[in-house]
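Worksheet: the structure to be examined is printed underneath.
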Amino acid sequence: MKSFLKPLLMIWMVCIAGAGHTLEVIEILGGKASQIPIAVIPFKDSNPKKSLQLMNEVIANDLNRSGLFSPIDISGVSDYPYDEREVNFSNWAALQSQFIVVGKIDAIGRSNNQMQVTWSLIDIFKEKTVLSVALKGQPSQYRVIAHRIADTIYEKLTGSKGVFDTNIAFVKKLDKERYSLFIADYDGHNPRAIVNSKYSIISPRWSPDGEKIAYVSFEKRKPVIYVQNIVTGERVLLANFRGNNSAPAWSPDSKKLAIVLTYSANSQIYTIDADGKNIKQLMRTRSINTEPTWAPNGKEIYFSSDRAGSAQIYKVDIDTNEVVRVTFEGNNNVSPSLSPDGKLLLFLNQDGGSYRVAIQNLLSNQVLRLTDGPDDESPIFSPNGHMVLFTYKDYGKLSKIGTVSINGLKMTPIDVGSESILESTWGPLPN
Amino acid sequence: MKKKALEEEKLDQLKKKALEEEKLTELQKRLLEDERIEEVQKKLLEQDDLERIQEELRNKDLAKETRIAIEGTEDLVAGSNSGELEKYKALIQQKIYQNVNKQLCGLDPVELTFEIVLMPTGDLIGNAKMIKSSKIESCDQAVERAILQAQPLPMPQDNRLFSQLKKLKLKFQPNGPIN
């Protein structure tokens, strides 16, 4: 009887609701590029270790770097909540916080040498827990665990994968005759050298499958290209042709590379299999073609060329060799690369003497300059396309690396010591 | 002996000076960064202003059309009332717009529709009900937050006017109009 009446009742209710006048409609067109205010509270630690108290700072720094969040200052708060029941929602709303992250750390395992982190993401407006997760690990892994927590928060609130548990690689000039290629956490922590050389190393490029790094070395007294396996350390001399061998760029499937040779005359683009076989010239022109980069669809290569007098960015269809000019703003545009969705072009824009990192929306062709220069170099997208890694000159004219968010709101240096950094690259998302 | 002490003092002073200089450059760097942020925000605000003006123009057109429509059907709403109604609709629109974070809605044009029921105080009764999703969860959530965050919404004192506004349909196009 009850189940029979229910639909009837609902129809009756709908009729009542529909009986009034038609609804007023308010249209809200557009929006802002704002940052989500979030409070990341220190986790309650049953066995306090100083390093573990830093976990909330690692999480807050990650979110801050992305440019999509603004961690709020909690230094004035006296009573930290550790779970949803302890959160005073009106107080946190008054601090303009939209979300709050709380948690606790417990020692587990036979001799308490493991830890379990139980944390929650809580929505201040809806007054409810959005996520609640427990993670286990070694206390020494606290940074990795914190990065993973930040990734989970990022993905939940932005819908995109976070990149806080990824790696970067960079070349450091230790002194006049010592160069090292380092791998480190994306924020510069835990650096370890994978190549040491007396000669300069440039243009490191991480393969999309994460296994290898291609780079240009001057150890043969001229630029040649090596591909090195990161795990085994084994390396292959990919290109040592007549003239210069430079600017390696991986295809999206990691099976091929685009490279630049001065084999026949000036710089021209070739494609080559990752094992060094099957080399082919891409186009034949009298102008310089260089800095190739693959589109995510694998069918086009973007590159810079001087064919129009100034340096501009073009794309070429790999099958038909048809070329289309892409950039038009500014004196020179160089060093192209594409966002993982293929919708944004990242490059260096030179206007009035200074080189700045810029992005162009390939649908609207609108250009947004992300940095102020004047000597910015080698920009590369984070694997989710939300941040850019690039090198810049600091006040002492030393070359440094940093990230800038693609909304241009957050430029953050990466601290990897005082030595000059030649170039850097960003590894893919972990599998 | 004295000489050595003097030298040490000098050295100390030099160290102090170097430290101060370091602090100064640090400060200058921070100032520069602050300036940068301000500039970007200014730029974004300018862009917002432009969008606002365009939006207002569009609203004006819409208001005109509505007025013409209303004038055409004399028996519906009193003409003097419709100006007030449009005013409150614009105020509500403005307050919610401030909170829409379009960065969470991707790059392609999307559309979302919500229905809300309001108290005379401008607070929501129950939740904002999503009628049409953007099909991007982070976008749906961001727009819902924008509505919740805008409470209390501006509401008229007049009871008859309130009855027209107490139930609203909100249509969002965070990345601009869909063609």
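Labels below follow one simple rule: chain letters A, B, ... track the order of the sequence lines, proteins then strands, and each chain is numbered from 1.
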Are any side-chain N or O atoms of B:Asn101 and backbone N or O atoms of A:Ser34, one a donor and one an acceptor, separated by less than 3.5 Å?
->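 Side chain of B:Asn101 to backbone of A:Ser34, a donor-acceptor pair under 3.5 Å: yes, one is there.
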Residues of residues 113-133 of chain B with any heavy atom under 4.5 Å of a heavy atom in chain A | B:Glu115
Members of residues 134-147 of chain B whose heavy atoms come closer than 4.5 Å to chain A =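 The residues closer than 4.5 Å to chain A, in numerical order, are B:Glu137, B:Ser138, B:Gln141, B:Glu144, B:Arg145.
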Non-neighbouring partners of A:Glu329 that pass salt bridge (Lys or Arg N to Asp or Glu O under 4.0 Å), sequence neighbours left out | A:Arg369
Got more than 12 heavy atoms from elsewhere within 6.0 Å of NZ, A:Lys161?
->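 Counting other residues, nucleotides and ligands, NZ of A:Lys161 stays at 12 neighbours or fewer.
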Proximity breakdown for A:Gln98 and chain B, heavy-atom pairs closer than 4.5 Å | side chain
Non-hydrogen atoms of chain B under 4.5 Å away: do they reach the side chain of A:Leu344, the backbone, both or neither?
-> side chain
Nearest heavy-atom pair of [X] and [Y]: which atoms, and what distance?
| X | Y | result |
| --- | --- | --- |
| A:Lys32 | B:Gln98 | NZ-OE1, 2.9 Å |
| B:Gln93 | A:Ile26 | CB-CG2, 3.6 Å |
| A:Phe125 | B:Leu148 | CB-CD1, 4.2 Å |
| B:Asp108 | A:Lys343 | OD2-NZ, 2.8 Å |

Output the option from A:Leu157, A:Leu363, A:Asp341 having the highest count of non-hydrogen pairs under 4.5 Å with chain B.
-> A:Leu157
Point-to-point distance, once rounded to the nearest 0.5 Å, from [atom1] of [X] to [atom2] of [Y]:
| X | Y | atom1 | atom2 | answer |
| --- | --- | --- | --- | --- |
| B:Gln103 | A:Ser160 | CD | OG | 11.0 Å |
| B:Tyr97 | A:Leu29 | OH | CG | 8.5 Å |
| B:Leu170 | A:Ile28 | CG | CD1 | 5.0 Å |

List, one per line, each side-chain donor-acceptor pair under 3.5 Å for residues 87-94 of chain A, sequence neighbours excluded.
from    : atom 1 : to      : atom 2 : distance (Å)
A:Asn88 : OD1    : A:Ser90 : N      : 3.4
A:Asn88 : OD1    : A:Ser90 : OG     : 3.1
A:Asn88 : OD1    : A:Asn91 : N      : 3.2

Greatest number of heavy atom pairs closer than 4.5 Å to chain A - which of B:Ile96, B:Asn99, B:Val100 |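 Highest number of heavy-atom pairs under 4.5 Å: B:Val100.
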Looking at B:Lys169 and A:Glu24, does any basic side-chain N land under 4.0 Å from a carboxylate oxygen?
->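 Not counted as a salt bridge, because no side-chain N and carboxylate O are separated by less than 4.0 Å.
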